[in-house]
Number of protein chains: 2
Amino acid sequence: MSRRNPSQTHGGQADRTARSAVSTMADLLQLTGTPVERPQAAERIPVVLRHLHAGECLVLEGAPVDALFFVRAGTFKIFRTDEDGYEQVLAFAIRGEVLGFDALCMASYPVAISALEASAVHVVPCSDIPSLSQALPAFGQMLQHCGSRTLAHSRELVDIMAAVASEVRLARFLIQHSRRMADCGLSPSRFLLRMGRREIASLLGVAHETVSRSFTTLAALGLIQVCDREVGIRDMDGLAAFARSTRRPMDAPLIVRARLPANGSMPAQSRRPTVHRLAA
Amino acid sequence: MSRRNPSQTHGGQADRTARSAVSTMADLLQLTGTPVERPQAAERIPVVLRHLHAGECLVLEGAPVDALFFVRAGTFKIFRTDEDGYEQVLAFAIRGEVLGFDALCMASYPVAISALEASAVHVVPCSDIPSLSQALPAFGQMLQHCGSRTLAHSRELVDIMAAVASEVRLARFLIQHSRRMADCGLSPSRFLLRMGRREIASLLGVAHETVSRSFTTLAALGLIQVCDREVGIRDMDGLAAFARSTRRPMDAPLIVRARLPANGSMPAQSRRPTVHRLAA
DNA sequence: CGCTGTCTTGAACTGTCTCAACCATGGTGG
DNA sequence: CCACCATGGTTGAGACAGTTCAAGACAGCG
């Protein structure tokens with residue numbers, strides 16, 4: 001299952017690159033997008049920055065809760081592994097999001113978290129949270145804000161998974177992802193997915209083959225353009241309209257997914273262009 | 001859709017029964033199960049108790065965010081309605097849980113919340129949150145705790161919906177519900193579902209007929225006992241084992257759900273016993 | 001180079017959706 | 001009081017979509 005996983009949690013040598021800068025409150029507020037009333041706090045707070053390489057595990061499922069994290073850079077996968085080895089992905093997290101908030105009310109982490117690419121997080125020891133919250137009201141606000149946003153995300157995900165058709169699930173996922181990318185200041189219509197088909201499939205609750213097929217279907221409809229993990233959204237309005245389908249679209253829409261247009265609207269390009277990347 | 005809905009939000013006359021007691025901090029901490037370090041706060045805080053009757057709406061989707069709620073009694077349904085009228089249930093909330101936490105980071109409620117039975121909530125105006133958090137550290141802790149718990153719930157739900165087989169989804173739902181009932185001090189093995197099949201179906205992401213069939217299947221397996229909305233868990237371990245099935249159970253387990261035992265293990269009783277309620 | 005892992009595509013099976021009855025209940029009003 | 005209707009739950013039958021098994025293409029890596 002786990003591909004390369006060189007250092008569990010952080011096997012000794014990770015600590016080398018770990019401890020580094022101590023951030024300011026203003027920095028964290030800006031990172032998390034917390035709307036703060038009194039932007040007074042240029043206070044330095046004792047959170048360290050930890051770097052992780054692709055595939056490295058930040059927290060293990062069942063480990064004692066010792067810290068909270070704020071994603072500075074990179075992408076994370078939040079997942080649970082049941083005893084038969086199946087990996088259930090519960091969320092993906094990117095810059096500005098909090099990790100481990102759901103563990104605050106328990107003794108051990110209910111989920112595992114790993115980095116999908118080279119990433120970095122600010123580490124806030126649990127023991128510091130009460131004192132920080134009291135000393136810096138902005139910190140408490142930030143925690144509230146991030147927790148709230150994470151819950152909203154999770155609720156959105158429930159909405160995504162509730163869609164019947166797999167193409168609709170994928171469309172909703174892409175739209176959510178697009179909005180998140182925009183929130184990070186990146187292009188909402190052209191991005192590189194940091195996760196594999198299998199992980200998307202797990203999140204969406206379908207087989208990975210189905211995700212593959214759904215990608216090609218959406219592409220055949222002219223809504224998106226896909227080249228491996230590189231995704232371009234060609235028709236955002238159309239994609240949004242497609243994503244709105246709930247039950248039986250009532251009329252035509254079911255024809256479109258019956259079979260691909262048959263007249264290769266795709267320029268018959270091989271799956272991996274090898275050279276030209278996702279023509280604009 | 002909405003059955004009787006006499007007062008939208010609270011159409012004037014609801015305010016009559018609304019305003020009442022002002023709670024103490026200790027009361028709320030106990031209600032929400034917040035582990036507090038210094039149980040000093042017997043402080044009285046300005047939160048009012050609001051009563052709702054069955055079917056009444058606490059917040060409307062899209063309404064401006066003005067308050068946060070803590071469930072004192074009853075059951076609530078958190079849901080979203082898309083433009084074609086389909087109601088997507090995102091969660092159920094019971095005693096001790098926070099409502100509206102996901103709205104803290106936005107201007108308007110992303111979801112609607114309605115009472116499934118006669119219920120009561122403590123109302124905390126949003127404008128009071130910063131001052132309360134600063135004046136009473138325990139309040140901030142409580143908010144954190146409840147928000148964290150709600151997120152954990154939502155993540156669990158994702159796990160529930162990720163299950164392939166509908167019976168497994170239902171089994172997981174029942175187990176989660178059972179644990180929640182236990183947390184409230186109620187019996188974990190015998191409870192009355194406050195929501196209809198259609199609402200469970202929406203939450204689980206299946207058709208309501210499928211929920212019905214799954215109920216009968218689980219009952220036929222001897223794992224539970226169902227009589228309309230009254231549910232008894234006969235074999236918690238068996239149910240938990242059944243709920244663990246992820247993908248293709250590998251061997252036998254698929255036989256059990258192939259067809260009901262055929263030898264009516266159910267005493268041929270009509271759906272509604274009319275007199276004897278769910279024999280022990 | 002062969003290996004491994006990811007992604008894609010094909011074909012058959014099967015579970016769930018959908019449509020359709022049916023029954024029981026509860027409320028309404030003649 | 002009972003006919004009537006609306007609601008909620010159950011069950012059956014057919015069709016379709018997704019899972020599953022299987023194969024193949026391609027890239028990265030030792």
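This structure is a prediction, so every number in the text was calculated from the model and none was measured. Chain A is the first sequence line, chain B the second, and so forth, proteins listed ahead of strands; every chain is numbered from 1.
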Measure from [atom1] on [X] to [atom2] on [N] and round the result to the nearest Å.
X        : N      : atom1 : atom2 : answer
B:Glu230 : D:dG8  : CD    : P     : 19 Å
A:Leu204 : D:dA17 : CG    : C1'   : 16 Å
B:Arg197 : C:dC23 : CZ    : P     : 19 Å
A:Asp228 : C:dT6  : CG    : P     : 12 Å
A:Glu87  : C:dT6  : CD    : C1'   : 15 Å
A:Phe215 : C:dT9  : CZ    : C1'   : 16 Å
A:Leu170 : C:dT8  : CG    : C1'   : 15 Å
A:Arg229 : D:dG28 : CZ    : P     : 12 Å

Discussion item. Can you see if the side chain of B:Ser166 gets near the phosphate of C:dT16 - specifically, an N or O under 4.0 Å from OP1 or OP2?
Written reply: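 Looking at the OP1 and OP2 atoms of C:dT16, one of them is under 4.0 Å from a side-chain N or O of B:Ser166.
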
Discussion item. Does D:dT11 have OP1 or OP2 under 4.0 Å away from a side-chain N or O of B:Thr216?
Written reply: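 Yes, B:Thr216 has a side-chain N/O under 4.0 Å of OP1/OP2 on D:dT11.
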
Worksheet item: A:Glu61 side chain to A:Thr81 main-chain N or O, any donor-acceptor pair under 3.5 Å?
Response: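 The answer is yes, because a donor-acceptor pair under 3.5 Å joins these two groups.
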
Worksheet item: Can you check whether A:Leu174's main-chain N or O pairs, donor with acceptor, with A:Ser178's side chain at less than 3.5 Å?
Response: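 Side chain of A:Ser178 to backbone of A:Leu174: no pair is present.
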
Worksheet entry | Partner residues of A:Ser212 under the side-chain hydrogen bond (donor to acceptor under 3.5 Å, both in side chains) criterion, sequence neighbours left out |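 Applying side-chain hydrogen bond (donor to acceptor under 3.5 Å, both in side chains) to A:Ser212 gives none.
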
Practice prompt. Please identify each residue that fulfils side-chain hydrogen bond (donor to acceptor under 3.5 Å, both in side chains) with A:Arg172, with sequence neighbours left out.
Written response: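 A:Arg172 satisfies side-chain hydrogen bond (donor to acceptor under 3.5 Å, both in side chains) with no residue once adjacent residues are dropped.
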
Restricting both atoms to N or O, compile the protein contacts to nucleotides 11-13 of chain C shorter than 3.5 Å, with distance only.
from, atom 1, to, atom 2, distance (Å)
C:dA11, N6, A:Arg213, NH2, 3.4

Nucleotide of [options] approaching [X] most closely (side-chain heavy atoms):
X        : options                : answer
B:Thr210 : D:dT19, D:dT10, C:dT16 : C:dT16
B:Glu209 : C:dT9, C:dT16, C:dC19  : C:dC19
A:Ala207 : D:dT20, C:dC7, C:dT16  : D:dT20

Point-to-point distance, once rounded to the nearest 0.5 Å, from [atom1] of [X] to [atom2] of [Y]:
X        : Y        : atom1 : atom2 : answer
B:Thr75  : B:Leu192 : OG1   : CG    : 9.0 Å
A:Arg213 : A:Thr216 : CZ    : OG1   : 8.0 Å
A:Leu116 : A:Glu56  : CG    : CD    : 12.5 Å

